[in-house]
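If you read the sequence from its start, that first residue is 1, and numbering goes on from there. No experiment lies behind these values; they were computed from the predicted model shown. In each ligand, atom 1 is the first atom listed, and ligand 1 is the first ligand listed.
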Amino acid sequence: MGELQVEKHVKYILAVEKRKDDFESVVMEHLRLNGAYWGLTTLDILGKLDAVDQDEVISWVMQCQHEDDIAGLQNEDGSFSGDMWGEVDTRFSYIAICSLALMRQLDKIDVGNAVKYIVSCKNVDGGFGCTPGAESHAGQIFCCVGALAITGSLHHVDKDLLGWWLCERQVKSGGLNGRPEKLPDVCYSWWVLSSLILIDRVHWIDKEKLAKFILDCQDKERGGISDRPDDAVDVFHTYFGVAGLSLLEYPGLKPIDPAYALPVSVVSKVILGK
Ligand code: 3PZ
Ligand code: ZN
């Protein structure tokens, strides 16, 4: 497996950032703000944020802001739509609650109703889906448990039942999958592990085997991390791999907050003012 290739991953992220005009990047245009978040947060966890020109990043991010606001997307039943077209999903509840908490503006929405909607998406297996009655999925569980953690509502979660479902996601190789019978994938190291930490059940999986699985997904020559060993790397799995290793307390990495998916240092600065 070997060690985390810190310098190689920094080089890989900087190269992706520069390569804005090739085919792959044009196809991914709508993902560029997500890409900036994945790339910059990875650099921060690795302690290498000074590798980018911060003023340049800030002015580019500011260009992406629109007039419309998050609170306007909350519906009568407490759910959130993703945009003006109206699709409803607990992913949007998480994004709204996480962003407003970071801006200390949760008072702009009906938090009680938002929590009620998320709880209505809870299933008999202890997990959560994207809408009421929809199948449990680890990505959706992270969104719901994260939003409940941020709003201080984790008492709505059956921790033993959900912990059981989540720890069953670990397969022989040590990796985690998102649903029963699926292949393991590095990004589920984040969705599953962060949820287990938030409900105090992380000791129910083999942390060492998971760390080994993530390290096995590195491209040791060119940098970057893939979904599973020997696949093509991308910024998304590079971020969730490094973030997963941070949750596993891999040496030399900055700690990441399991609910906000941002470095603990960023969350405390933004929310507590230091
Ligand atoms: C990937 N998106 O819909 S996407 C994403 N997936 O925009 C970004 N694990 O084909 C990258 N799968 C790579 N760079 C994959 C973001 C998806 C997640 C797909 C994926 C990841 C397994 C199949 C949804 C936050 C934001 C968005 C998502 C999840 C969490 C794709 C396929 C889909 C997408 C982008 C590229 C390469 C990168
Ligand atoms: Zn993945």
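Contact annotation for Phe142 and ligand 1: no heavy atom of the residue comes within less than 4.0 Å of the ligand.
Under the 4.0 Å criterion applied to side-chain N and carboxylate O atoms, Asp160 and Arg201 are assigned as salt-bridge partners. Of the charged side-chain nitrogens involved, at least one lies within less than 4.0 Å of a carboxylate oxygen, so that Lys48 and Glu7 count as a salt-bridged pair.
Backbone and side-chain nitrogen or oxygen atoms of Asp185 are examined, and one is located within less than 3.5 angstrom of a nitrogen or oxygen of ligand 1. At a 3.5 angstrom cut-off on N or O pairs, Asn34 does not count as close to ligand 1.
Numbered from 1 in the order shown, with element, the atoms of ligand 1 that lie under 4.0 Å from a heavy atom of His237 read 9 (N), 21 (C). Here is the list of ligand 1 atoms found below 4.0 Å of a heavy atom in Trp191: 30 (C). If you number the atoms of ligand 1 from 1 as listed, the ones under 4.0 Å from a heavy atom of Asp234 come out as 13 (C), 14 (N), 38 (C). Of all atoms in ligand 1, listed by their number and element, those nearer than 4.0 Å to a heavy atom of Cys187 are 9 (N). For ligand 1 and Leu31, the ligand atoms under 4.0 Å from any heavy atom of the residue are 7 (O), 35 (C).
In this structure, Asp83 places its CG atom where more than 12 heavy-atom neighbours from other residues, nucleotides or ligands lie under 6.0 Å away. Counting heavy-atom neighbours within 6.0 Å of Lys207 NZ, excluding the residue itself, gives a total above 12.
Using a 4.5 Å cut-off on side-chain heavy atoms (C-beta onward), Val233 and Tyr12 make contact.
Using modelled atom types, one finds no donor on one side chain facing an acceptor on the other under 3.5 Å when comparing His237 with Asp231. Counting only N and O atoms by type, the side chains of Gln140 and Asp89 include a donor and acceptor under 3.5 Å apart.
Rounded to 10 degrees, the SG-metal-NE2 angle spanning Cys187 and His237 at the Zn ion (ligand 2) equals 120°.
Contact between Tyr37 and ligand 1 is absent, with no heavy atom of the residue lying under 4.0 Å from the ligand.
Distances from the Zn ion (ligand 2) show that Asp185 has an N/O/S atom below 2.8 Å.
For Phe142 and Tyr94, the distance between ring centers is under 6.0 angstrom.
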